[in-house]
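Below, all heavy atoms of this structure are taken into account, side chains as well, without hydrogens, waters or symmetry copies.
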Amino acid sequence: MSATVATPVLEVQSVTKTYPSEPPVEALRGVSFVVGEGELVAIVGPSGSGKTTLLHLMGTLDRPTTGSVRVTGLDVADMSDRELSALRATRIGFVFQQFFLAEHERALDNVADGLLYAGVALAERRDAAAAALTRVGLGHRGSARPTQLSGGERQRVAIARALVGRPAIVLADEPTGNLDSANSQAILSLLEELHDGGATIVVITHERAIADRLPRQVQVLDGRVVEDRSSAGGPPAGAAGPVRGAPAPPRGADGDRGDAVTG
């Protein structure tokens with residue numbers, strides 16, 4: 001990896017994940033990579049390659065069997081479940097192909113819910129949600145309910161919800177999986193624009209064409225990283241080595257907006 005890099009935001013070091021069964025299933029086998037601040041990275045691989053397991057570990061929804069996962073320098077293994085909930089609520093944004101929007105709520109309130117467990121007052125949540133919707137090009141659709149929005153618009157609302165708390169990193173799992181080709185291209189363009197604006201984004205995908213469009217690709221196969229390269233042909237921008245002295249996440253967040261997600 002490159003020696004001159006941005007501050008690490010996500011560090012996955014020698015991670016394994018084994019599920020108990022007969023025989024045990026080794027989903028990840030010594031995976032290591034680092035995502036630096038401001039990167040746009042694709043995690044790419046076929047079904048069964050370990051991408052979903054890796055997503056759960058990166059998002060702190062699960063813990064590795066061995067190795068370490070650090071988010072903004074904080075080691076997941078050293079944190080209680082309550083602290084992990086706080087970490088997810090404040091430092092990680094999630095985007096999924098199913099959108100997971102509340103059908104009875106306005107777009108504005110769906111986005112505001114992204115701050116529900118961060119201890120932010122309702123008026124402030126809605127102000128931040130309005131700004132996030134504007135950022136994804138839907139400032140004029142805040143009063144619309146999901147049933148009144150196209151698939152592409154619903155995914156933009158989901159992206160706004162992930163961004164509303166200004167997390168350190170956004171994890172986007174197959175964000176174009178439920179969209180037609182035109183809307184897929186529009187969502188990828190939006191992610192690129194957000195990256196240009198400084199957002200750190202990891203896109204998990206099985207589509208090589210999507211991965212090749214992004215600046216860096218980490219290819220996973222049979223639970224291992226088999227390639228880590230940049231589209232420019234040089235070494236990836238991620239940094240090695242943990243961040244020391246990062247502040248502890250806020251305590252006392254009781255909820256977790258990622259728990260409803262599987263796969």
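- Using a cutoff of 4.0 Å between basic side-chain nitrogens and carboxylate oxygens, Arg63 and Asp75 are not scored as salt-bridged.
- Ring geometry for Phe94 versus Phe96: interplanar angle under 30°, hence parallel rather than tilted (30 to 60°).
- One finds the CG atom of Leu149 at 8.0 Å from the CG atom of Leu101 (value rounded to the nearest 0.5 Å).
- Val203 is not connected to Leu221 by any chain of hydrophobic side-chain contacts under 4.5 Å among Ile, Leu, Val, Met, Phe, Trp and Tyr, and they are in different clusters.
- Of the residues Val41, Ile43, Val15, the one that meets the side chain to side chain contact (heavy atoms under 4.5 Å, CB included) test with Phe33 is Ile43.
- Val218 and Val44 end up in different hydrophobic clusters when Ile, Leu, Val, Met, Phe, Trp and Tyr side chains are linked at under 4.5 Å.
- Side-chain contact of Ser150 with Arg156: a donor-acceptor pair under 3.5 Å is absent, judged by distance alone.
- How far NE2 of His195 is from CD1 of Ile201: 7.5 Å, rounded to the nearest 0.5 Å.
- For the pair Asp109 and Arg125, the salt-bridge criterion is not met [side-chain N within less than 4.0 Å of a carboxylate O].
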N/O donor-acceptor pairs under 3.5 Å from side chains in residues 135-148, not counting sequence neighbours:
| residue | atom | partner | partner atom | Å |
| --- | --- | --- | --- | --- |
| Arg141 | NH2 | Gln148 | O | 2.9 |
| Arg145 | NE | His104 | O | 3.1 |
| Gln148 | OE1 | Arg145 | N | 2.8 |

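- Residue-environment remark: CZ (Arg208) exceeds the threshold of 12 foreign heavy atoms within 6.0 Å.
- Cluster annotation: Ile169 and Leu74 are assigned to the same hydrophobic cluster (Ile/Leu/Val/Met/Phe/Trp/Tyr, side-chain heavy-atom contacts under 4.5 Å, transitive).
- Taking a 6.0 Å sphere around CG of Asp180, one finds it holds more than 12 heavy atoms contributed by other residues, nucleotides or ligands.
- When Arg88, Met79, Glu83 are each tested for a side chain to side chain contact (heavy atoms under 4.5 Å, CB included) with Thr60, only one passes: Arg88.
- In summary, Arg229 and Asp212 engage in a salt bridge, as defined by a charged side-chain N under 4.0 Å from a carboxylate O.
- Side chains of Thr66 and Thr16: a donor on one and an acceptor on the other come within 3.5 Å.
- If you take CG on Asp196 and CD on Glu193, they are separated by 7.5 Å, rounding to the nearest 0.5 Å.
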